[in-house]
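Notes follow once the structure below has been shown.
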Amino acid sequence: MKRYDPQSIEPKWQEIWEKTGVFKTPDEPKDKQYVLDMFPYPSADGLHTGHPRGYTATDVFAHYRRFTGHDVLHPIGWDAFGLPAENAAIKKGVHPAENTAQNIENFRRQLKRLGYSYDWDREVNTSDPDYYKWTQWIFTELFKAGLVYRAAGQQWWCPKDKTVLANEQVVDGRCERCGSEVTKKELTQWYFKITEYADELIDSLDELDWPEPIKAMQRNWIGRSEGLLFSAPVKDMDLEIQTFSAHYEAFRADTFVVIAPDHPLLPRLIEDTENEAQVRQFCDYLIEKRIKRGFEEEKESEGIFTGRYVVDPVGNGELPIWVASYALADYGTGIVKCSAHDERDFKFAKKYRIPLKAVLMPKDAKERRQVEAFEECYTDFDQGVLTEPEELAGKRAHDVSEEVKGYAEKHELAKRQTQYKLRDWLISRQRYWGTPIPIIHCDKCGPQPVAEKGLPVELPDVKDYLPTGDGRSPLAKVTDFVKTTCPKCGGPAERETDTMDTFADSNWYFLRYPNPRKEDGAFDKEALRQWLPVDMYVGGAEHAVLHLLYARFWTKALADRKYLGFREPFKSLRNQGLIMAEDGRKMSKSLGNVVNPDDVIKAFGADTLRLFELFIGPFDQPAAWDTKGIEGSYRFLKRVWAFGQGLLEAPDGVDQETDIAETGLERAVSKATKRITSSIEQFRFNTAVSGLMEALNGLQEQVAKTGPHAVYRPYFERYLILLSPFAPHLAEELWHELGHEESIFTQDWPTVDESAIKDETVPIPVQVNGKLRATLELPADGLSEAVVTEAALSEAAVKKHLAGKPKKAIYINGKLLNLVG
RNA sequence: GCCGGGAUGGCGGAAUUGGCAGACGCAGCGGACUUAAAAUCCGCGGCCGCAAGGCGUGCAGGUUCGAGUCCUGCUCCCGGCACCA
């Protein structure tokens, strides 16, 4: 009997599969399935144990879809631009291009060693000019569509990476990449107008088959809130200010107004007032304090009276305008009407002894007295009852929401307004290793997009790619690159020297796979029609608001430019949970608890690693690595191997006893097929693997009755097909040993024999008063209530717990009998 | 604070629509093989109890013939967002 030797069979089949092209993408797909992984960022560390979890899942899914007659596109590529590559390159003194190429080579080797069924002819590499040419082209298209603009402003700045960061890349006041504390810097930068799509980005989430938490995060991030916009004249001034309110129902409680210290209207507001200098000084102090504080929440708000009043449009008289540190210039209008029914307003008013008024009351009398005395801040707009205005008195704020909106609109007191937390996407990066922004600055004509024939704007191959830290990219020092002519007037002009955020690269790569080598366009209409949208997309939940939101935005923008015939790129999305270290902590080099997939493959083979990563726990949940657990998966594959070898060496010919075993084998395989099929479809790979284990146990049990026999082979062959998406090498090897010339992957998915699944006798649990007292073993057919009840009543254990005749009986057909005494 | 997700043996986890709680695996115990060990194979296994039996899915209630699953009220853990008006 041959020994199970993954080290020899796995590379052998990988080579054969590649040579014969079994996993190549079909040309004219009829029943297509686009099964996609979030492409990896090729870091110097190579694959970590988290990668194979998601990649094996999609691979199993892709195989399964092929087996069930679908034409599958299952590609892979490299998200190759980006800061970490550049930082690593700087550290090692190797050019990022060279460093990235090495890393990709290593990643490719590792992925191939795992036996994934990728179509390797379709690799894309975002740092390849043939790719980023089209990233730049899309940029210019969006520019022409008015979805790209330049603006000056305070930007988050990472002092270590020496580049600006988007809001999304700042986590707890730190740079998402390197963990340094971020600061602010005044810069002119490029933005994508993602806010233009805010509504659609929220609304169309409903139609997506995505994990609910991811949808919730996107809704949250976009942060839509519908309310009223009030306009109010400033007393003794020719000036109107506007305020946004989401909780306008208690508008009669407004007693003051706050404005952000950095609000653009503020200088005008305080001009020529008595306290002008003092207010200005205080605002400077507040602004500085906020920058220093970063993302930490202020313990106690501070403010100062501006000396100005607004005349309230809804009848609350003249309201004093205060500068308040808690007011944000970039949300709503930056000015807020304030009341006793907001925690922050309430606290602020108490601190500065600003008068308050309560018009929203709890039902409870004691609580009510506290609210009336301003001892408590009451903010429950769902349960609270209004006391003013008279028309609404006694009604719940929640119930009159629409009524108030309608009334305010009708009498022109306010307008309906929707606000978003989502900000436009800042894409300029002052770093070398990225896609150059294809813009030419001309003194006469302004910024001009580079025409398609001028693309790609190639990243110059320079020695000095170190970030400068002065707010300009290292490209600014490359005179040959910078100096050019204006595409409009032909005069001397300068190139934009910033590069794009790497999320721009990954925004559209899934559109490139259907036509990866197309030279005269980013994508081919017919190829996109054949393959897009992506049917199954798998990756980590950490991309919930960055990549997944941006990619949706570009898809919609390109659809509006008539380039795409769909508005959502990813129909179904699944997230894999993190693989933690065995100690339950995150794997990290500094903790020394990292498991390297290469080592695992060396010890157990790729099939074991694949199987174990799926068996480790529910796919979307985090799981801790388990050294003993992987041995268990290895043991299982060895048992499959030994079982196969047993059948190979078994004698031919038929005798009567084998019939009984065959019935049992049919049952085991049919049951397994049913269970594994539904598990894969639901992305519950851990139960799919236990289904495989259970089935092997069943096969062994049956065969043990007669010993191995050649007539059992067809059952085992069907079993191998079920196993093959998980352990492709082992399955293929045994398949061929069993005498097949063609690859196992040309076969059809096994069918289920429903009649075989049915057992001849079934166990019927008998409960007395809901408690299990006996289990009857009865023939599967003819299980009427009368038959079962009669059998149950003759059981000693049932009699014992049942005093006399049962008052009532609940019989669930073929499943359970409950006697109530 | 707000929004998600979760809590089941020693451990990871199973359990269609409410119907035998603990599948499958890990660790453990007992046995076979072996001079011995590893590997492999067979068996046992929620807790308490000698047993009959009782108790068991985070806690407290409820609905139901019957609840891990449904309802109400909590506790704790994980993730995301957070002066967002």
Side-chain angles (χ1 to χ4, degrees), chain A residues 171 211-221 223-225 227 243-248 258 260 290 293 295-301 324-328 330-339 341-345 347-348 379 419-423 541-542 544-545 577-578 612 615-618 620-624 626-633 635-636 638-639 642 675 678 682 684 686-697 700 704 763-775 797 800-801 806-821:
Chain A
V171 178
E212 208 43 57
I214 301 291
K215 291 197 204 180
M217 276 191 246
Q218 292 213 349
R219 282 192 198 101
N220 233 309
W221 190 262
R224 178 162 67 190
S225 97
T243 71
F244 172 74
S245 179
H247 290 303
Y248 45 81
V258 296
R290 184 181 284 176
R293 198 173 65 235
F295 273 74
E296 252 165 80
E297 202 171 313
E298 191 180 44
K299 281 177 208 83
E300 195 178 301
S301 296
S325 58
Y326 69 88
L328 302 171
D330 62 350
Y331 184 78
T333 64
I335 309 175
V336 195
K337 284 213 294 169
C338 301
S339 79
H341 302 300
D342 178 283
E343 295 275 1
R344 295 154 306 167
D345 298 348
K347 264 174 119 176
F348 188 79
T379 59
Q419 285 297 334
Y420 306 89
K421 290 186 207 171
L422 183 71
R423 297 294 127 86
E542 69 273 15
V545 285
L578 282 177
F612 177 64
F615 187 56
I616 196 166
D620 56 353
Q621 227 95 311
D626 181 0
T627 313
K628 287 290 180 186
I630 192 149
E631 284 174 24
S633 294
R635 263 201 289 274
F636 164 66
K638 281 198 286 190
R639 286 205 292 132
R675 180 163 175 200
S678 86
Q682 295 173 72
R684 300 175 55 157
N686 56 330
T687 58
V689 175
S690 38
L692 286 166
M693 292 171 166
E694 218 168 30
L696 182 68
N697 292 344
Q700 285 185 321
I764 302 287
V766 179
Q767 300 180 339
V768 177
N769 294 324
K771 277 196 176 149
L772 182 72
R773 294 302 174 190
T775 303
K800 187 176 165 188
H801 291 274
K807 288 196 191 88
K808 197 177 165 187
I810 292 101
Y811 178 62
I812 311 297
N813 197 18
K815 276 193 173 162
L816 177 141
L817 177 71
N818 187 10
L819 299 169
V820 184

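What you are looking at is a predicted structure, and each value in this text was computed from that prediction instead of being measured. Protein chains get the first letters and strands the later ones, always in sequence-line order, with residue 1 at the start of each.
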Discussion item. Measuring only the C1' atom in each nucleotide, how far is B:U63 from B:G54? A whole number of Å is fine.
Written reply: 26 Å
Response to the item:
With syn meaning chi within 90° of zero and anything else anti, the base of B:G9 is syn
Worksheet entry | Strand RNA chain B as a dot-bracket string - pairs counted if Watson-Crick or G-U with both distances under 3.5 Å, | where the partner lies in another strand | (((((((..(((......[....))).(((((.......))))).(((....)))..(((((..]....))))))))))))....
Practice prompt. Using the closest heavy atom to pick a nucleotide of RNA chain B for each, name whichever of A:His247 or A:Gly617 lands nearer the 5' end.
Written response: A:Gly617
Fill in: Integer angstrom distance from the C1' of B:G66 to that of B:C47
23 Å
Discussion item. OP1 or OP2 of B:A39 versus the side-chain N and O atoms of A:Lys638: is any pair under 4.0 Å?
Written reply: no
Worksheet item: Atom CD of A:Glu631 to atom P of B:G28: distance rounded to whole Å?
Response: 11 Å
Worksheet item: Excluding sequence neighbours, so at least two apart, what forms salt bridge (charged side-chain N to carboxylate O under 4.0 Å, His left out) with A:Arg635?
Response: none
Discussion item. Could you tell me how far B:G53 sits from B:C42 if I compare only their C1' atoms? Round to whole Å.
Written reply: 31 Å
Item to complete: Over all heavy atoms of both residues, which pair between A:Tyr248 and A:Gly227 is shortest? Give the atoms and the distance, please.
Response: CE2-CA, 3.8 Å
Discussion item. By the 4.0 Å heavy-atom rule, please label A:Gly577 as base, sugar-phosphate, or nothing.
Written reply: nothing
Item to complete: Measure the distance from CG on A:Asp342 to P on B:C2 and round it to the nearest whole Å.
Response: 14 Å
Worksheet item: Nearest heavy-atom pair of A:Ser301 and A:Tyr326: which atoms, and what distance?
Response: OG-CD2, 3.3 Å
Fill in: Nucleotide B:A82, atom C1' - distance to NZ of A:Lys421 in whole Å
7 Å
Item to complete: Step by step, work out the salt bridge (Lys or Arg N to Asp or Glu O under 4.0 Å) result for A:Glu212 and A:Arg219.
Response: CA-CA 11 Å; A:Glu212 208 43 57; A:Arg219 282 192 198 101; 3.5 Å; yes
Item to complete: In whole angstrom, give the distance that lies between atom CZ of A:Phe612 and atom C1' of B:G12.
Response: 9 Å
Worksheet entry | Atom of A:Val258, atom of A:Ala327 and distance for their closest heavy-atom approach | CG2-CB, 4.2 Å
Discussion item. Just to verify, what does A:Thr687 make a side chain to side chain contact (heavy atoms under 4.5 Å, CB included) with, not counting sequence neighbours?
Written reply: A:Arg675, A:Ser679, A:Arg684, A:Ser690
Worksheet entry | Distance, P atom - from B:C29 to B:U34, rounded to whole angstrom | 23 Å
Fill in: Criterion side-chain contact (heavy atoms from CB on, under 4.5 Å) on A:Met693 and A:Leu696, from CA distance to verdict
CA-CA 5 Å; A:Met693 292 171 166; A:Leu696 182 68; 5.9 Å; no
Worksheet entry | A:Glu542 CD - B:C81 P separation (whole Å) | 12 Å
Worksheet item: Looking at CD of A:Glu694 and CG of A:Leu692, how far apart are the two atoms once the value is rounded to the nearest 0.5 Å?
Response: 10.0 Å
Fill in: Distance in angstrom units between A:Lys215 NZ and B:G79 P, rounded
24 Å
Worksheet, complete the sentence: Sorted by chain and residue number, the salt bridge (charged side-chain N to carboxylate O under 4.0 Å, His left out) partners of A:Asp626 (sequence neighbours excluded) come out as none
Discussion item. Taking B:C59 as the reference, what is the distance to B:U8 when you measure between their C1' atoms (whole Å, please)?
Written reply: 15 Å
Fill in: 5' precedence on RNA chain B between A:Lys337 and A:Pro213 (nearest-nucleotide basis)
A:Pro213
Worksheet entry | Length of the line joining A:Arg423:CZ and B:C81:P, which is rounded to integer Å | 15 Å
Worksheet entry | Distance, nearest 0.5 Å, that separates CG of A:Asn697 from CZ of A:Arg639 | 5.0 Å
Practice prompt. Please measure how far the C1' atom in B:G61 lies from the corresponding atom in B:G10, and state the result in whole Å.
Written response: 32 Å
Discussion item. In this structure, how many angstroms lie between the C1' atom of B:G4 and the CG atom of A:Asp620, rounded?
Written reply: 13 Å
Worksheet entry | Separation between the P atoms of B:U72 and B:G22, rounded to whole Å | 29 Å
Worksheet item: For A:Ala327, which contact category applies under a 4.0 Å heavy-atom criterion: base, sugar-phosphate, or nothing?
Response: base
Worksheet entry | Which nucleotide in B:G80, B:A85, B:A14 has an atom nearest any side-chain atom of A:Pro618 | B:A14
Practice prompt. Quick one: label A:Ile616 by what it contacts on the DNA or RNA (base, sugar-phosphate, nothing), any heavy atom closer than 4.0 Å.
Written response: sugar-phosphate
Worksheet item: Partners of A:Asp330 by salt bridge (charged side-chain N to carboxylate O under 4.0 Å, His left out), sequence neighbours excluded?
Response: A:Arg423
Output a table of nitrogen or oxygen pairs between the protein and nucleotides 16-25 of chain B separated by less than 3.5 Å.
unit_1	atom_1	unit_2	atom_2	d
B:A23	O2'	A:Glu694	OE2	2.2

Fill in: Integer angstrom distance from the P of B:U17 to that of B:U69
14 Å
